Amino acid sequence: MGFRWRFRWGRRRRCSVEEGKTCPRFENLVTLEELKTGEEGIIVKVLGNGTFRQRLLEMGFLPGTKVRVIRYAPLEDPVEYEVKGYHVALRHEEAARVLVEKCPK
Amino acid sequence: MSEIVIALAGNPNSGKTTIFNQLTGAHQKVGNWPGVTVEKKEGEARFRDFTLKVVDLPGIYSFSAYSLEEVIARNFILEESPRVIVNVVDASNLERNLYLTVQLLEFGKPMVVALNMIDVAKSRGLYVDVEVLSRLLGVPVVPTVGTKRLGIEELVETVVQVALGKKKSQPVNVYYGREIEEALREISEKLSSLGILQDYPSRWVALKLLEGDREILNKVKEEPAAEELLLRVKEISESLTRLFDETPEALIVEARYGFISGAVREAVRVSAISRKTLSERLDDLLTHRLLGFPIFILFMYLLFYLTFKLGAYPVAWLEHLLEASENLLRAKLPPGLLREILVEGVLGGVGGVLVYLPNILFLFLGISLFEDTGYLARAAFIMDRVMHSLGLHGKSFIPLLMGFGCNVPAILATRTLENPRERILTILINPLMSCSARFPVYVLFAGTFFRGHETPVVFGLYALGIILAALIARLFGRILVKEEDTPFVLELPPYRLPTVRSLFFHMWDKTRIYLRKMGGVILVASLLLWGFSAFPRVDGRSPDLAESYIGKVGQAMEPVLEPLGFDWRMGVALTTGFVAKEVVVSSLGVLYKVGEETTQTLEEALRASGMSPAAALAFMVFVLLYVPCVGTLIAIWKETGSLKYPAINVIYQLLLAWIVSFLTYRIGQFIIG
């Protein structure tokens, strides 16, 4: 998924509460797969349906939740993320189904 | 004295097992849930005049009907009606853990939360106000540290008080927002007016219907008035979807997490020191881009070494012990059938069970160490890409690796895989990992026919096994076990230092299952196989191997084996190899040396028999691939809970062995003669 959706919504949303950075919504909409190590994003939507989507939501990948890329596995796949204060690994094919708003560094 | 049944529920990695062990000590019973192969553990705890029967539910993240474990857990709560539910919650990972808690509240049953690992939470600057949390959830909350046995007495006391009604436990109803609440009310009312699933809490059923829960939908469909209800549920779902541009099940998840966020905001105080924890720094090293693999290989090597090299010492002691008992029996008993049955049949059978035991003990010690520290999840993280390309899971790697030592413990090690599809695939290809019992056969034949080239030959055999395993995994992945869209989602819990006590507890726990489930069957099978080699009697003594039943079976197979360049003696040896692969060598020794000069070694005898190198190579390939030994088959049977899978193993491996050996022999004839 290489494309980007560009929206300009007037309302600004806080991205990182602790550091007080701001993150304009839908300025930088990418899939979770495209985030690199150390980058953060706010989940916008989990695509797909059925078991996959439900399980991801239940594990805390909810719209509005912040995700951080901790590291890629030595063979690049899977990728470790931090969400809701715990660490979880997803494969690229799964991360590609999560839309996030990338936070500026 | 009265008995109180309590159910222990919680997330994986929440320390639930530790709490269970602390509650019940050694008074545990391990079995299976009725009709399925998921392990069920029960134990007893005493408190004053009360006996608490503790049922350990499978560790799960949610109560949706997506996995067998989830269905088992919720059916137990709904149908067996435990007096109190104890929910073990990891305080250091509160939000995700409370998701299950919220779902437990929805059952509306008396419940106590064990807020576990508060020490870890504190060390990360998280302070949970137990009173506030308890008030928000409507149920008592008891802080515990399972590994240090802190709070366990208080937990038991609270559970008993709740059971007696002396302490209040009234789970709150999570508020799902106006529209969903209205929908829930309407569906609940319809449920009671139509008299559908009245044994279950109606709000819970209504929620499940809105979530589109497969299992509950099927249950409702069986009811006579279901059609009207389901039609209405569908309408409501559709209108909610239109209204929120989101499916009801997703809205429900969001509402639950919304409730949790609120609770956490009120009950948890964070003293903001977000420095890197020790666990994160450890991970920087252990899953490092470049160093991760070498370290992983080192750990795997150590596990292998521990299991098979250190395990070899107790194996040798056991063999001495068996030998001593054999000598004793031989000395005390007169020659005859009874002595043979006892010495060769029974002792041989006991030996067949015990010979795996030290390896299993050490392997499980190693795996428990990986599991309890959290490294197992990292191993899966590192290996997943390779394994996934074969349709397997990162966690498949350890069982496959262990297969090179012995397939029996390796198949037991597949227990770490939660997904049944991946587990069965891993089990099915496991016998293609060339176990150490096949090695003596390679040494004999490679040394006899390929002197000076033993290394490439033996290495090639191992590689052949791995390549075929990869191909078979892909093939079976397509045809045998159908793919479900279940995500990978591998939790990487923080590293933890396990206690020695819990390590040995887990090790013994798993070993006990081997002894109880498989010991008896392996014993009987070994006895039977011995019987086939010791009958029919000739003048009251055992017949020559070729004349025994097992030998006759081997001889009968000659026409099938002839195209592979094998003679009847090789057929007989292969048949005896069903007991254990290394027996092939001793059978060959007996069969080839009979009637020849006794000074001849087996190598010389084999060379003199006129066997071609191509046939020898084909024979090694056949030994690599053909039927798993009886111990492995029993392990497959017991672990999958079905005779279907050992049957599949026997059939596909025989076919594969024949085809590959045939090709080896025919191509080999051209190249090496």
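Since the model is a prediction, treat every value here as computed from it, not as a measurement. Residue numbers start from 1 in every chain, and the chains themselves are labelled A, B, ... in the order their sequence lines are given, proteins ahead of strands.
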Proximity breakdown for V79(A) and chain B, heavy-atom pairs closer than 4.5 Å: backbone
Pairs satisfying salt bridge (charged side-chain N to carboxylate O under 4.0 Å, His left out), at least one member in residues 385-397 of chain B, at least two apart: K395(B)-E418(B)
Proximity of F488(B) and H388(B) rings by center, below 6.0 Å: no
Contact leader toward chain B among G85(A), P78(A), G48(A), where contacts are heavy-atom pairs under 4.5 Å: P78(A)
N/O donor-acceptor pairs under 3.5 Å from side chains in residues 287-296 of chain B, not counting sequence neighbours:
unit_1, atom_1, unit_2, atom_2, d
T287(B), OG1, R71(A), NE, 3.2
T287(B), OG1, D283(B), O, 2.8
H288(B), ND1, L290(B), N, 3.0
H288(B), ND1, L291(B), N, 3.1
R289(B), NH1, E76(A), OE2, 3.3

Aromatic ring pairing Y81(A)/F61(A), orientation class (parallel under 30°, perpendicular over 60°, tilted between): perpendicular
Toward chain B, the part of Y72(A) with a non-hydrogen atom under 4.5 Å: both
Chain A contact via F381(B) - side chain, backbone, both or neither, heavy atoms under 4.5 Å: both
Which of K45(A), R55(A), Q54(A), E80(A) touches chain B most, by non-hydrogen pairs under 4.5 Å: Q54(A)
Side chain / backbone / both / neither for E254(B) at chain A, heavy atoms under 4.5 Å: both
Partner chain A: residue of V253(B), V386(B), T247(B) with the largest heavy-atom pair count (under 4.5 Å): V253(B)
Best-contacting candidate, L62(A), I70(A), V46(A), against chain B by heavy atom pairs under 4.5 angstrom: L62(A)
